[in-house]
Participant: 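Attaching a single structure in structure tokens format; questions to follow.
Sequential numbering from 1 along the given sequence is applied to the chain's residues. Scope of the values below: all heavy atoms of this structure, side chains included, with no hydrogens, waters or symmetry mates.
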Amino acid sequence: MPIETTTGVVPEAPAQAELLAVPYDAALTPVLHEDLPVPVAALLAHHEAKGEAGEIVEVPVTRGEGVGRVLLYGVGDGSPKALRKAAAALIRKVKGRARLVVVLPEGDAAAFTEAALLAAYTFTIGADRTKPVAELVFAGSAEDEVRRGDRVARAVALARDLANTPASEKTPIWLAERAAEQGVPIKVWDEEQLAAQGFGGLVAVGQGSANPPRLIQLSYAPEGAERHIVLVGKGITFDSGGLSLKPTANMKTQKTDMAGGAVVIAVLGALAELGAPVRVTGLIAAAENMPSGTAQRPGDVITPYGGRTVEVLNTDAEGRLVLADALAYADDVLDPDAIVDIATLTGAISVALGRNIGAVYASDEDLAGELIEAGRASDDRLWRMPLIEDYRPALESSVADLANVESGSRYGAGSITAALFLREFTGKRAWAHLDIAGVGRSTVDEGVLSKGATGFGVRVLLEWLTR
Ligand code: BES
Ligand code: MN
Ligand code: ZN
């Protein structure tokens with residue numbers, strides 16, 4: 001479900017707000033204090049407040065005949081990172097309340113707003129739950145920043161919603177329908193068109209499922225744009241592994257294997273409102289990877305877009321097969337200045353980088369630098385991984401141009417060899433690959449994260465494309 005909390009901005013906090021949050025800094029100086037029953041510095045000292053981000057001192061105040069609450073919240077060093085932490089802590093504190101008035105802190109109000117709304121995100125189907133705060137009123141002058149933070153958070157929430165939706169509902173066709181709701185021109189290839197036009201990766205991965213594959217293209221083309229970026233998202237609506245079947249423990253989270261595709265859909269839906277000055281084409285390679293009598297087999301040789309042959313040694317390495325189609329199509333037909341793909345591609349990357357930082361591989365130094373910087377600014381942090389040439393022989397096949405996985409264990413490096421496989425389909429383009437298998441899901445309900453899909457990638461890509 002989308003974020004249910006509404007937001008508004010007023011120039012000044014209304015006197016007598018029932019529930020009012022007021023920032024204070026490390027010098028324990030609050031923004032306003034006429035409300036409070038005792039001198040505020042003494043009060044904070046009494047609570048041994050230090051001014052750290054995430055710290056909240058709650059004070060009852062008189063409100064007419066009754067009692068209201070002022071929440072004094074610490075802002076740490078006032079950096080975007082600290083403000084995100086402060087905002088998330090506030091929202092988590094007031095779950096279930098109707099209305100919170102927040103006096104905005106000094107600093108990045110977009111980051112603050114975005115984190116507040118993300119902390120309010122929940123996804124449940126029919127289950128009882130504590131509702132987030134219904135209405136957030138920000139008091140301050142940073143209206144444009146609040147609006148930006150609000151728009152970015154709602155894009156992240158859309159990506160989370162799409163990825164959290166069970167695969168019984170979320171077929172490739174369903175995903176194309178959601179993509180069609182984003183207010184930008186769309187083109188969808190059905191399974192017959194995919195076969196006729198040579199998209200052998202999508203056809204092979206999708207052929208085992210009762211739910212046929214789709215390639216989805218979304219286009220954002222503002223007037224006067226000079227650069228053209230293609231975003232490619234892995235859209236595996238469920239990854240059972242195919243005939244190379246996953247064990248249950250690994251399979252039960254795989255409804256989120258379209259998280260990269262969800263990010264691309266959500267980003268394309270937000271670019272216009274955020275005023276992105278670049279042309280962006282989104283490609284979502286959507287298929288369901290299932291075992292059946294019609295499924296592809298280990299040992300099959302397939303032909304992704306562009307005509308090179310691939311020996312499928314493991315049907316669970318399916319993401320790279322559908323991405324190969326989309327990357328090769330982007331290179332061959334769309335003539336972009338850069339291609340960035342985003343995919344829950346390998347379990348190996350969560351071994352390497354864990355759950356808090358995403359991987360970026362790149363064939364272009366400037367592109368890598370821009371993405372890493374955007375990641376730092378937006379809090380979707382990225383770490384550069386190497387495309388090690390020595391490992392390229394891992395992809396050699398005795399019967400085809402390429403193998404989709406290494407047949408032995410001479411090289412290892414599962415995330416790197418997957419990236420090297422993708423690179424084969426990017427021609428001479430500036431290209432970056434984000435492996436988000438580690439960061440695509442959260443196991444905790446904490447800060448800006450909720451259990452399940454994280455929407456990782458929306459913030460970094462929107463930052464990169466709009467700032
Ligand atoms: N969708 C998985 C990767 C994944 C694993 C995402 C765990 C999120 C959590 C991908 O399609 C896959 O199965 N990769 C294999 C590759 C292997 C067969 C070379 C993997 O990581 O084990
Ligand atoms: Mn797989
Ligand atoms: Zn997968």
Side-chain angles (χ1 to χ4, degrees), residues 199-202 204-205 215 229-236 239 257-261 263-264 282-287 289 302-334 336 338-349 352-353 358-364 367-368 371 382 384-397 400-406 411 413-438 440 457 461:
F199 293 92
L202 277 157
V205 173
L215 177 63
I229 307 295
V230 172
L231 300 180
V232 173
K234 172 176 173 182
I236 299 298
D239 182 11
D257 206 22
M258 36 56 73
V263 166
V264 173
L283 290 172
I284 299 97
N289 188 23
I302 68 168
T303 309
Y305 195 92
R308 271 188 305 164
T309 55
V310 175
E311 184 183 15
V312 179
L313 293 172
N314 188 324
T315 65
D316 198 11
E318 85 297 338
R320 63 197 75 181
L321 303 179
V322 301
L323 290 170
D325 276 345
L327 292 169
Y329 174 78
D331 173 39
D332 195 38
V333 177
L334 299 178
I339 306 176
V340 177
D341 76 73
I342 177 161
T344 48
L345 203 62
T346 66
I349 199 59
L353 295 181
V360 54
Y361 294 85
S363 64
D364 182 275
L367 182 58
L371 287 167
L382 294 172
R384 180 94 182 257
M385 292 285 292
L387 291 158
I388 297 175
E389 299 301 335
D390 308 36
Y391 296 163
R392 175 59 183 76
L395 302 174
E396 284 169 7
S397 161
D401 295 324
L402 284 167
N404 77 328
V405 296
E406 181 185 4
Y411 299 99
S415 177
I416 296 172
T417 50
L420 289 169
F421 182 91
L422 296 181
R423 189 182 64 177
E424 294 295 316
F425 298 88
T426 59
K428 293 187 167 59
R429 305 285 167 181
W431 158 77
H433 156 57
L434 310 184
D435 191 339
I436 59 164
L461 291 176

Participant: If you take all heavy atoms of Ala330 and Pro336, which pair is closest and at what distance?
Facilitator: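 The answer is O-CD, 3.3 Å.
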Participant: How long is the gap from CG on Asp341 to OG1 on Thr426, to the nearest 0.5 Å?
Facilitator: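 The OG1 atom of Thr426 is 9.0 Å from CG of Asp341, to the nearest 0.5 Å.
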Participant: CG/Asn404 to CZ/Phe421 distance, rounded to the nearest 0.5 angstrom?
Facilitator: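 These two atoms lie 6.0 Å from each other.
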Participant: How long is the gap from CG on Leu283 to CG on Leu323, to the nearest 0.5 Å?
Facilitator: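 Between atom CG of Leu283 and atom CG of Leu323 there are 10.5 Å.
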Participant: Do Leu327 and Trp431 have side-chain heavy atoms sitting under 4.5 Å apart?
Facilitator: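 A side-chain contact under 4.5 Å exists here.
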Participant: Please examine the side chains of Tyr361 and Ile416, heavy atoms only from C-beta on, and report whether any two atoms are closer than 4.5 Å.
Facilitator: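 They are in side-chain contact.
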Participant: Could you go step by step and tell me if Val264 and Ile342 meet the side chain to side chain contact (heavy atoms under 4.5 Å, CB included) rule?
Facilitator: CA-CA 8 Å; Val264 173; Ile342 177 161; 3.9 Å; yes
Participant: Taking Ile236's backbone N and O only, do any of them form a donor-acceptor pair with Asn289's side chain (distance below 3.5 Å, no angle check)?
Facilitator: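 Not a single qualifying donor-acceptor pair exists.
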Participant: Kindly give the heavy-atom pair with the smallest separation between Leu345 and Ala418, and that separation in Å.
Facilitator: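 Shortest heavy-atom contact: CD2-CB, 3.6 Å.
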Participant: Donor-acceptor check, side chain of Arg308 to backbone of Leu402, threshold 3.5 angstrom: yes or no?
Facilitator: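 No, Arg308 side chain to Leu402 backbone: no donor-acceptor pair under 3.5 Å.
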Participant: Hey, does Thr344 have a side-chain heavy atom less than 4.5 Å from the side chain of Asp239?
Facilitator: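 No. Closest side-chain heavy atoms not under 4.5 Å.
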Participant: What closest approach, in Å, do Pro304 and Asp325 show between heavy atoms, and which atom pair accounts for it?
Facilitator: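 The answer is CA-OD1, 3.2 Å.
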Participant: Do the side chains of Leu382 and Leu434 get nearer than 4.5 Å, heavy atoms only?
Facilitator: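 Yes; the side chains approach each other to less than 4.5 Å.
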Participant: Run the numbers on Arg320 and Glu424 for salt bridge (charged side-chain N to carboxylate O under 4.0 Å, His left out), then give the verdict.
Facilitator: CA-CA 11 Å; Arg320 63 197 75 181; Glu424 294 295 316; over 6 Å; no
Participant: Give me the atom names and distance for the closest heavy-atom approach of Ala326 to Leu215.
Facilitator: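 Scanning both residues, the minimum pair turns out to be CB-CD1, 4.4 Å.
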Participant: Answer yes or no: is there a donor N or O on one side and an acceptor on the other, between the side chain of Glu406 and the main chain of Tyr411, under 3.5 Å?
Facilitator: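 The answer is yes, because a donor-acceptor pair under 3.5 Å joins these two groups.
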Participant: Please tell me if the side chains of Val232 and Phe425 come closer than 4.5 Å, counting only heavy atoms from C-beta onward.
Facilitator: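 A side-chain contact is absent here, since even the closest heavy-atom pair is not under 4.5 Å.
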Participant: Once you round to the nearest 0.5 Å, how far does CG of Asp401 lie from CD of Glu311?
Facilitator: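 Separation between the atoms: 11.0 Å.
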Participant: Evaluate the side-chain proximity of Val333 to Tyr305: yes if any heavy-atom separation is below 4.5 Å, no if none is.
Facilitator: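 Result yes, sub-4.5 Å side-chain heavy-atom pair found.
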Participant: Do the side chains of Val230 and Arg429 get nearer than 4.5 Å, heavy atoms only?
Facilitator: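 Result no, sub-4.5 Å side-chain heavy-atom pair not found.
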Participant: Write down the atom of Ser363, the atom of Leu387, and the distance for their closest heavy-atom approach.
Facilitator: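 For Ser363 versus Leu387, the nearest heavy atoms are N-CD1, 4.3 Å.
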Participant: If you draw a 6.0 Å radius around OH in Tyr391, do more than 12 non-hydrogen atoms from other residues or ligands fall strictly inside?
Facilitator: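 No, because the 6.0 Å sphere around OH of Tyr391 holds 12 heavy atoms or fewer from other groups.
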Participant: Kindly give the heavy-atom pair with the smallest separation between Asp435 and Ser415, and that separation in Å.
Facilitator: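 Nearest pair, atom of Asp435 first, then Ser415: OD2-OG, 3.1 Å.
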Participant: Measure the spacing between NE2 of His433 and CE of Met385 and express it to the nearest 0.5 Å.
Facilitator: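 Reported to 0.5 Å precision, the distance equals 9.5 Å.
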Participant: Please round to the nearest 0.5 Å and tell me the distance separating atom CG of Leu420 and atom CG of Leu395.
Facilitator: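 Taking CG in Leu420 and CG in Leu395, the distance rounds to 6.0 Å.
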